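This is a predicted model, so every value here is computed, not measured.
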Amino acid sequence: LLHAQPKYKNYSMVIIGGFIYQRVESVMVQQNLSPKRYQRAAGMIAIRDCAKELIEAQLRNCTDDELESRQYKLNTLYDAFVKEHGYLSAQVNTSIMREDAEFSILASLESVDDNDEIHKAAIFTTRTVHARKVITHCETVDEAFEVCLDQLGYVDLSHMAKLCKMKPEDVVEKATGRLFFRNPVPVESTDMDIWVPKQEHLSGNVLKKLREAKTAAKNDPAFADNIR
């Protein structure tokens, strides 16, 4: 097992050193796949990441030239995959990636018409996402928490504090145990890994998390919120 890398979303499938892993809490779990299923998984990971980059580019209002270049790459990856492995929505393919944290991105790339024929989604050819107005101020910690997750994808105390004009320690006092929890086994000393959103904290192997929290609470009362 490898220690989880904070840059990877929990339960996402990734390729590291030629092997496919899924991040599960604090570890990277290598996937035991046959050569054929490995090829399918690797192809879908590449398509997923390409689609994500295309969406992110549109959110920052990329130029038409960049949009077309990224769409060309997505079309190329998708067409090659379908030719070799069939549609993304084929059961053999969904069975491999269904547990991926961002499987919904892959699922959104195909549509089915009234005749049950599968087509590419609009993102392959048109601008489907428009730049959003950046929120720079929030009235409450709860609102700042939601905005922070939307903008960054993880809990960032400094960002939340800036949004609601509070000190980071005040954010911790108001939100710990209610909106997010301390991670008793952080891999790195960064906000991304130290603080875990409530939904993530209360999912997965909760008994294992409870044991880890109880052990941590014996040495640091700050983890008391994790076991209440």
In Å and rounded to the nearest 0.5 Å, what is the [atom1] to [atom2] distance from [X] to [Y]?
X	Y	atom1	atom2	value
F145	M160	CZ	CE	6.5 Å
I123	L109	CD1	CG	6.5 Å
S12	K52	OG	NZ	7.0 Å
Q22	N10	CD	CG	8.5 Å
R37	I96	CZ	CD1	4.0 Å
H119	D113	NE2	CG	3.5 Å

Ignoring hydrogens, what is the shortest heavy-atom contact between [X] and [Y]? Give both atom names and the distance.
X	Y	answer
L157	F180	CD2-CZ, 3.7 Å
V155	L149	N-CD2, 4.0 Å
E25	R23	O-NE, 2.9 Å
P184	A216	CB-CB, 3.8 Å
I16	Y8	CD1-CE1, 3.8 Å
Q71	T126	NE2-O, 3.0 Å

Quick one: which of E110, K120, K73 gives a side chain to side chain donor-acceptor pair (under 3.5 Å) with Y78? E110

Any chance [atom1] of [X] has more than 12 other-residue heavy atoms, nucleotides or ligands included, within less than 6.0 Å?
X	atom1	answer
Q39	CD	yes
K36	NZ	yes
D114	CG	no
D150	CG	yes
Q199	CD	no

Output yes when D156 and K162 qualify as a salt bridge under the 4.0 Å nitrogen-oxygen rule, no when they do not. no

Identify whether the distance between the nearest side-chain nitrogen and carboxylate oxygen of R127 and D64 falls below 4.0 Å. yes

Taking the side chain as every heavy atom from C-beta outward, state whether [X] and [Y] have any atom pair closer than 4.5 Å.
X	Y	result
V24	Y11	yes
V27	L2	no
Y87	N93	no
T215	F223	no
S95	R40	no
I20	I15	yes
V196	K209	no

Test salt bridge (Lys or Arg N to Asp or Glu O under 4.0 Å) applied to E53 and R48, R70, R60, the passing residue: R70

Working for side chain to side chain contact (heavy atoms under 4.5 Å, CB included), residues H85 and V92: CA-CA 9 Å; H85 305 295; V92 65; over 6 Å; no

Check the angle between the aromatic planes of Y21 and F19 and answer parallel, tilted or perpendicular using the 30° and 60° thresholds. perpendicular

[X], [Y]: one ILVMFWY side-chain cluster at the under-4.5 Å cut-off?
X	Y	value
F103	I118	yes
F181	V172	no
I47	V82	yes
Y72	F124	no
Y154	L163	no

Please lay out, stage by stage, how D142 and K174 fare under the test side chain to side chain contact (heavy atoms under 4.5 Å, CB included). CA-CA 9 Å; D142 294 59; K174 289 180 176 293; over 6 Å; no

